[in-house]
Amino acid sequence: MMDGSDTPRNAANLVLLGPPGAGKGTQARMLEEQFGLVQLSTGDLLRAAVAAGTEAGRAAKAVMEAGDLVSDEIVIAILRDRLAEPDCAKGVILDGFPRTTVQAEALDGLLAEIGQGIRAAISLEVDDAAMVTRISGRYTCGGCGEGYHDTFKVPSKPGACDKCGGTEMKRRADDNAETVEQRLRAYHAQTAPLISYYESRGVLARVDAMAEIEAVARELNAIVAKAVA
Ligand code: AMP
């Protein structure tokens, strides 16, 4: 347990829930730095699989472009492999997983096998109407993955990343208005039920994620500090 020394504590695993554009990735990166946990984004893992042309990537590509959910089988297999890597032993912040009840149950099973569980599931609560604007303005640094936004988070030097100085910025293929609508539908139909899943297990916290990035981060920090203690 955390005792104020540098002794490693038992792994604290967290889940971030919320529709596309809620800020899961941005907040997960900040929590990763603050608490020494590992951000684990199944979206990032799938995009890497697509770029590498693996079998899973080839199966996932068209589904992702349409804004639908990739099959539980593929996503759970990718997550299981990543979770088995040594850096995850200190605890993970799951960003974009689980997205279905089948995935949530599989995650509970995988963690139970190693004597762990979910310490907190944090629901980032937002208005759908604002998500299209948030998503269509966002981009990331190709070098380090830091996220930016045309309106809400501009780099201090235009075109250059504040974190690593990189100048190659990337926009996601699925960050367009039509795909976002479908991603929001998928969220409400398949993922939103997980809010009650975690509520019934006594680990749910809700955060108003319409506030400014820094204000949301402060609220999350307080919740996570308690969860990892
Ligand atoms: P994200 O980066 O989390 O917005 O995910 C981008 C896309 O990857 C989603 O729209 C889905 O097509 C796919 N995806 C990511 N995570 C999952 C998951 N846990 N289950 C199913 N599909 C996923």
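Atoms within a ligand are numbered from 1 in the order they appear, just like the ligands themselves. Residues: numbered from 1 along the sequence shown. The figures here come from the full heavy-atom set of this structure, side chains too, leaving out hydrogens, waters and symmetry mates.
- Evaluated by nearest non-hydrogen atom to atom 12 (O) of ligand 1, the leading choice among L69, D72, V70, D68 is D68.
- Here the CD1-CD distance, from I122 to Q27, works out to 9.5 Å after rounding to the nearest 0.5 Å.
- Contacts of L46 with ligand 1, taken as heavy-atom pairs under 4.0 Å, involve the side chain alone.
- Some N or O of R99 is nearer than 3.5 Å to an N or O of ligand 1, by distance alone.
- Of the N or O atoms in R47, one or more lie within a sub-3.5 Å distance of an N or O in ligand 1.
- The pair K170-D175 does not meet the salt-bridge criterion, since no charged nitrogen lies less than 4.0 angstrom from a carboxylate oxygen.
- If you check which protein heavy atom lies closest to atom 8 (O) of ligand 1, you get M64 CE, 3.4 Å.
- With contacts defined as side-chain heavy-atom distances shorter than 4.5 Å, the pair R82/C88 qualifies.
- Residue, atom and distance of the protein heavy atom nearest to atom 4 (O) of ligand 1 are R172 NH2, 3.0 Å.
- Side chains of I135 and T179 form no contact here, defined as non-hydrogen atoms less than 4.5 Å apart.
- Checked against a 3.5 angstrom limit, the closest N/O atoms of T42 and ligand 1 fall inside it.
- Under 4.0 Å is where a charged nitrogen must lie from a carboxylate oxygen, and between R80 and E113 no such pair does.
- Residues R183 and M131 form no side-chain contact, since every pair of their non-hydrogen atoms from C-beta on lies 4.5 Å or further apart.
- Using a 4.5 Å cut-off on side-chain heavy atoms (C-beta onward), M30 and I213 make contact.
- Residues V224 and I93 are not in side-chain contact: their nearest non-hydrogen atoms beyond the backbone lie 4.5 Å or more apart.
- Checking only distances, S41 never comes within under 3.5 Å of ligand 1, N or O to N or O.
- Residue D174 has at least one heavy-atom neighbour below 4.0 Å for each of these atoms of ligand 1: 6 (C).
- Annotation for ligand 1: atoms under 4.0 Å from non-hydrogen atoms of Q103 are 18 (C), 19 (N), 20 (N), 21 (C).
- Nearest residue to atom 10 (O) of ligand 1 from Q190, K24, R183, E65 is R183 (criterion: closest heavy atom).
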